[in-house]
Asker: 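This structure is in structure tokens; I'll ask about it shortly.
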Amino acid sequence: MNGKYTISRLQLYRIILLLIILISITANIVWILRDTSPALWDIAGHSQRSASIAQLLHAGRLRDVFGFDSIYPPLTYLVTAVGFLLFGLHSDIPQYSFLLWLVLMLVATYSIANTLYRDRGVALFSTTLLLCYPLLAHFTRIYDLDFPLTALVTATIAALLRTNGFRNRRWVVVTSVCIALTLLTKWTAVLFLAIPVVSVVCTTFVQQKSKRRVLVQHIALALGIILFIAGPWYLVHGSTVVSSAQDTRNNIFSVPYENVLRIDNITYYARQSANGMAWPLSVLVVIGFIALFFRKHSQRFALLAWVIVPYLIMTFALYSKESRYFLPLFPLFAIVSGAGIVSLKNYYRVGAITTCLILSLFFWTETSWSVRFFPEKFYQTTHLNQGYGYPVPTTTKPRYGFTQPTQYHENLAEVVTAIQADLATQETLPATIRIAVVPNSIFLTAQEIQYIARLQNLDSPSNQYTLDFSLSSYIRQGSTISWQENLAAADYIITKTGDQGPKIWGPNLKKIATAEEQHATPFEQFTVIGTWTLHGIEETDTTMRLYKKTPTQLTDRE
């Protein structure tokens, strides 16, 4: 070899895959470092639950971790909790923990595409394409459960394809563990795993009569592993999951379509998926499916069913809709997009891949980093401005927040510091301290404040008191008790001028803002102990106020 080192084609593809992974990790780290805004709404809620589990683990309260009161399974929280334990209670730990899921998703996507097409170049294409879908790219950087679910669904399918029709015992075990972990991420995993698993098992059962005994044994083994890993949690929390599923079906806070036969309902996930990918990239999916059927690919019906069955269930069985619910199918869309590339001769394939990747990087750059390469008229004419990441979030249409890094409400933690300082002046404290956060705006809700309180150990299971934020929901939404009475029951109240949040998420908010302005009931019972200027998405800066119940000693409360 004349002393020269040569690498095989396989090694070259692995090096390229590694580079893709490293570049994606680096880009996400840069994004997280540049984004200094607080986590919004559910993202803050998931983050504070992870911090709470980290506190319980640190205190050695494993039974409390298992019984943690949440409608969500614990896997994502546990992974993030380990990050908190290793690196401290830093606000960005939840986002950094998603780098693990990012790597898993990319490796699994590459594995599936290579298994289906036997073409590593196309597998690399699908993997890179997936990274550039604006909706998916955004969810790799914000802490919601749909992205870990996406990664684990993809990993499960990748493992399933290696079971050789559920006959390879080692990969059956791996697949079973993946299924169990996916179920411990979100219960909706069933919607995305049922068809692929049933398809593989039934195909083997029909075509391999001599292997049926082995197949039955492996099915029993798989069920045993799944029940052993995921069963205990669902046994304890099953009723909560069923109740949550029913609430999700009728959830009025997302996009409700009680009339499931409306055309808007029927086409919702098709439209939102096209927007989430950017419509030119969604065209590749259509071309890919056509190519699969034209080439009579052996998996074409299974791949199509993998999309159609969840689509039908989520369209007609659930009134509420959100584009993120369909996120676990985005890796499949990227993989299917490769089918059109495979159909091309080598001479055209390089050009097609290059063109598609340039187009993909164009959307990734524009939506992730707020770059615009063309005048606004271009986006209006091509309707690209309707794709995910192009419309700017507003107070009335906040969406899932900003797809590019922002620097809003950076001083939000100071109100928690003020509460902590005030509590330190108290001689004795009640067992429960009630904090009412009135606004439900994009970066200021009870969930953000509770998360910050966790990070500062103001809200901790080791404290002699408990922070109770439940009044925040009762005040905004209404209950059998009036919002005035609920506010009056608080020890601290946090308010904000300007936008209070979407009306559907707080019908009482305007009334409360008016009462505060007029110092009417119950605000005359409270004293302002701190004010802060907030720089947010509104045209002018707003003011956050911290109220404390009068008299000054919290222990005076009956």
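As a basis for the values below, the full set of heavy atoms in this structure was taken, side chains included, without hydrogen atoms, waters or symmetry mates. These numbers were taken from a predicted model, which means no experiment stands behind them.
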Asker: What orientation do F98 and F147 show, parallel under 30°, tilted 30 to 60°, or perpendicular over 60°?
Answerer: tilted

Asker: Please give me the minimum heavy-atom distance between Q55 and D459, naming the atom from each residue.
Answerer: NE2-O, 3.1 Å

Asker: Charged N to carboxylate O under 4.0 angstrom, D491 versus R434?
Answerer: no

Asker: Distance-only, no hydrogens or angles: does the Y117 side chain make a donor-acceptor pair with backbone N or O of I335 under 3.5 Å?
Answerer: yes

Asker: Using ring centroids (six-membered ring only for Trp), state whether F139 and Y400 fall under 6.0 Å.
Answerer: yes

Asker: Measure the shortest side-chain to side-chain distance between P74 and L184 over non-hydrogen atoms and say whether it is less than 4.5 angstrom.
Answerer: yes

Asker: Donor-acceptor check, side chain of T315 to backbone of L312, threshold 3.5 angstrom: yes or no?
Answerer: no

Asker: Taking the six-membered ring for Trp and the single ring otherwise, decide whether the centroids of Y96 and F87 are under 6.0 Å apart.
Answerer: no

Asker: Any sub-3.5 Å donor-acceptor pair from R271's side-chain atoms to D264's backbone N or O?
Answerer: yes

Asker: Decide yes or no for I435 and I493: does some side-chain heavy atom of the first lie under 4.5 Å from some side-chain heavy atom of the second?
Answerer: no

Asker: Pick out which of T175, L160, I195 makes a side-chain contact (heavy atoms from CB on, under 4.5 Å) with V200.
Answerer: L160

Asker: For E448 and T445, indicate whether the former's side chain and the latter's backbone hold a donor-acceptor pair under 3.5 Å.
Answerer: yes

Asker: T154 side chain to A108 main-chain N or O, any donor-acceptor pair under 3.5 Å?
Answerer: no

Asker: Does the ring centre of Y133 sit less than 6.0 Å away from the ring centre of F330?
Answerer: yes

Asker: Any idea how F326 and Y311 line up, ring-wise: parallel (<30°), tilted (30 to 60°), or perpendicular (>60°)?
Answerer: perpendicular

Asker: Without swapping roles, check the side chain of S97 against the backbone of P94 for a donor-acceptor pair under 3.5 Å.
Answerer: yes

